[in-house]
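For the numbers below, each heavy atom of this structure counts, side chains included, while hydrogens, waters and symmetry mates do not. Source: prediction; values computed, not measured. Order of the sequence lines fixes the chain letters, A, B, ..., with proteins taken first and strands second; residue numbering starts at 1 for each chain.
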Amino acid sequence: MISRITDTRLNTQRAQRIEVGRKKLAKAEEQISTGQRFQRPSEQPTDASKLLRHTRRLERVEQFKRNSENGRLWVDTADQALQSISREMTRARTLAVQGANETNGPEQLATIALDIRAIAESLLGLANTKVLGRPVFGGTTDSSDAYASDGSYQGDFGIARRSIDTGQVVEVNSTGPEVFGIADGVDALNGDLFQIINALADAVEAGNTSEIRRGMESVDTAANRIASAEGRIGAVSQQLDSIDDRLGAEVIAVSTRVSQLRDVDLAEAVIRLSSAEASYRATLSATSRGLNTSLLDFLR
Amino acid sequence: MSNFSGLSTGYSALLAYQRRINVVSENIANINTPGYHRQSVELESLAAPRTVGFWSGRLDTGGGVQVKAINRAGSSILEGNARRSVSVAKQMETEASIMLQVEDAIGGLSDRGIRAELDAMWNGFDDLANLPEDLGVRRVTLERADAVARSMQSAAKELDSLHQGQLATAEVQVSRVNELASSIAALDQQIIGAQSSGASPNALFDQRGQMINELSTLVGVNVQPEGDGQVSITLDGYLLVAEGRSRSITFQVEPAPPTDSTGLSVIGVVASDGRVLEPSGGSLGGLVHAANSLIRGDREALDNLAVAIADGVNALHRSGVGLGGATGYDLFTVPTGAVDIRLSDDLDGYPERLAAGSVGAGALDESNARALANLGDDPDGPTGAVSELIDSLSVRVSAASSRALAAKSSADYATGLADTSSGVSLDQELTELITAQRSYEAAARLITAADQMLQTLMSTGLVGR
């Protein structure tokens, strides 16, 4: 029931309409200049809640990617070391075959033995390969080398794991004894890789053909062990590949979702801005016309 | 009926229309005065003087016109309604603006808020798991934990200072309520005085209306007009103004009840008889509601969150091992709540003590750091609690904002409606002015006519010569 329209009411309503128009205009401008649909959660509680969850997941997935990259460093380092070790072992075996040839004189045997010992040295160096300062075959030890210069294992049997998703881990290391065998205090040829190669050198130097043959069998056993370690590492590497793919895909999917929730559709925002501007202009023009009109205009 | 009655009739009309023009000019002059109520002149015709004797019983005309009353426009029903809706709107607005500040303090979407710092800390533990031997990473991880503590502290402190501000504002408003109450009572006495001396109390009514309006924006009151022109005003059943006298209310700060973990004090608005009033409506109602209940829940949630973070992280951290076998240390310490959560003295400055490994495992074992990072993935853990806090807060803030908007528009409507009955319309006044002016001219013409008639009678005629 509106009986009369008073000037105060008219003016208040005008001011309110202009205010509403300004607010809409300001909101549209803010959306365009910030590029975001809302600035505070309470503007869109449901979307904000989803946005927070997705943002969190995005940050988490990016962390999982970093974890898997760190794991890949371990796996790749170990893989390269093992490939070099395999090559060295093939050379040691070839030398041992030469040493087993009974036509060799003591001098030749000594030379061959020297070569084999050099290989043992190089193998020890490779077994001490480091990843970011840590021995890759040393388990979770804090000593700088996995194997001391006398060939004794200094590491532990700790497993390095990396989180690659909520509650999922990958084991990224193999410890020295797993890869190179366990040292044997009594029978060196039954011991770890370094004992075997050194014992093989001893056998060649002594020209002990039967020991050389036993040594060659031990080298083959050790090579098998390394091959299976390589296989294991290869499997982890493939697993990391597929994890990277999956995490990469998830980053894209979640980023898209985050963008949909957070970012303004520019075309839509510009349309909203134009329509806010148009309605604001219309309000102003209507108001300015009404403001100037009264009975006074028509009285003499 | 004398020959001169035409003159006096015309004279009465001149007086009446002059009054009417005066009232119109008063209306136009006050067109923008807040609280001004349009006045109008009510005319009535004068009865013919009673004459006894020879002429009685003859048909006779009346005795002219007179001003019966100067009426004050407006509807007390509409105005009461407008006052109540303004009062409610003011409370909603106060609450909504406080809730918005609470939301800012918690900082849901901000990348420096509690949520962001907490997520950064969980991810930091994963970085630690990747490089447990790296002191630089350890330092960064410790800094992230520190940032979590600091963000909680600053949120809690912001809420506390918000609460302090509410207390201070409420105190000022309570004293303003008392001032208004005594001014209204004083006006009531003047109104009675004006009425008994026959003066028009309309301007006093306007002033009092304005004061009651201001009182309503401060606190919801019940206004009861009395028959003699005075009002009685009650606040939550407590008689604030009656019969030209006022009583005061006092502002008290009471300590938090012992069951309340936040330690935030409580606003008490107390009547002179010692009763604790529950003001509702107006900005004071909003402040009291916000300070005594709205803000406490979130403050308490912050405290619980601080304890949940510290307990969850500490339990894992104590069981783990840092570099060099350091074990059994807490990462966080929470002496009282969110306001003073910080890194424990055992860890602050000792990044090597961050327990990345598990007991019995290798020196550079990372399993405990991973367990800490996984704590962040636990939906029932601190992450869930912080999401819940932000979600529930944003829903409540949004609801408060829309309630405030709805209350504002209904208050605007009610105020506008009240104004339609009490306000001044320029066009109407101009019409009135012209009508009165024309009537005045006509009355003047009447006097001229009577004058001419008398001249005819006395100078130009032959009678009496």
Between [options], which shows the greatest number of heavy-atom pairs under 4.5 Å with chain A?
options	answer
Gly357(B), Ser367(B), Ser394(B)	Ser394(B)
Asp427(B), Asp391(B), Asp134(B), Asn123(B)	Asn123(B)
Asp378(B), Leu100(B), Leu323(B), Ile434(B)	Leu100(B)
Asp412(B), Ile390(B), Asn32(B), Thr415(B)	Asp412(B)
Val397(B), Asp104(B), Asp419(B), Thr431(B)	Asp419(B)

May I ask you to name which of [options] has the most heavy-atom pairs under 4.5 Å with chain B?
options	result
Ser143(A), Ser294(A), Ser163(A)	Ser163(A)
Leu296(A), Thr55(A), Thr46(A)	Leu296(A)
Asn70(A), Leu51(A), Asp156(A)	Asn70(A)
Gly139(A), Ser49(A), Gly158(A), Ala48(A)	Ser49(A)
Glu43(A), Arg60(A), Glu59(A), Arg66(A)	Arg60(A)
Leu52(A), Thr166(A), Leu10(A), Thr141(A)	Leu52(A)

Just by modelled atom types, is the [Y] backbone N or O under 3.5 Å from a matching donor or acceptor in the [X] side chain?
X	Y	value
Glu366(B)	Arg161(A)	yes
Asn30(B)	Asn27(B)	no
Asp263(A)	Gln36(A)	no
Thr327(B)	Gly320(B)	yes
Arg138(B)	Glu352(B)	yes
Arg272(A)	Ala28(A)	no
Arg162(A)	Glu171(A)	no
Thr34(A)	Glu30(A)	yes
Ser237(A)	Ile233(A)	no
Glu178(A)	Thr175(A)	yes

Between [X] and chain B, with a heavy-atom cut-off of 4.5 Å, which part of the residue counts as in contact: side chain, backbone, both or neither?
X	result
Val169(A)	side chain
Arg57(A)	neither
Phe157(A)	neither
Gln13(A)	neither
Arg53(A)	side chain

### Message
Quiz question: by atom type and distance under 3.5 Å, do the side chains of Ser40(B) and Asn71(B) form a donor-acceptor pair?
### Response
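Checked: Ser40(B)/Asn71(B) side chains show no N/O donor-acceptor pair below 3.5 Å.
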### Query
Does a side chain donor of either Glu79(B) or His37(B) reach within less than 3.5 Å of an acceptor in the other side chain?
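Per modelled atom types, Glu79(B) and His37(B) side chains form a pair under 3.5 Å.
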### Task
Measure the acute angle between the ring planes of Tyr147(A) and Phe180(A), then classify it against the limits of 30° and 60° as parallel, tilted or perpendicular.
perpendicular
Name the region of [X], side chain, backbone, both or neither, that has any atom closer than 4.5 Å to a heavy atom of chain A.
X	answer
Asp126(B)	both
Ala373(B)	both
Ile31(B)	both
Thr383(B)	side chain
Arg38(B)	side chain
Val395(B)	both
Asp127(B)	both

### Query
Do Glu69(A) and Arg72(A) sit within salt-bridge range, that is, some charged N less than 4.0 Å from a carboxylate O?
no
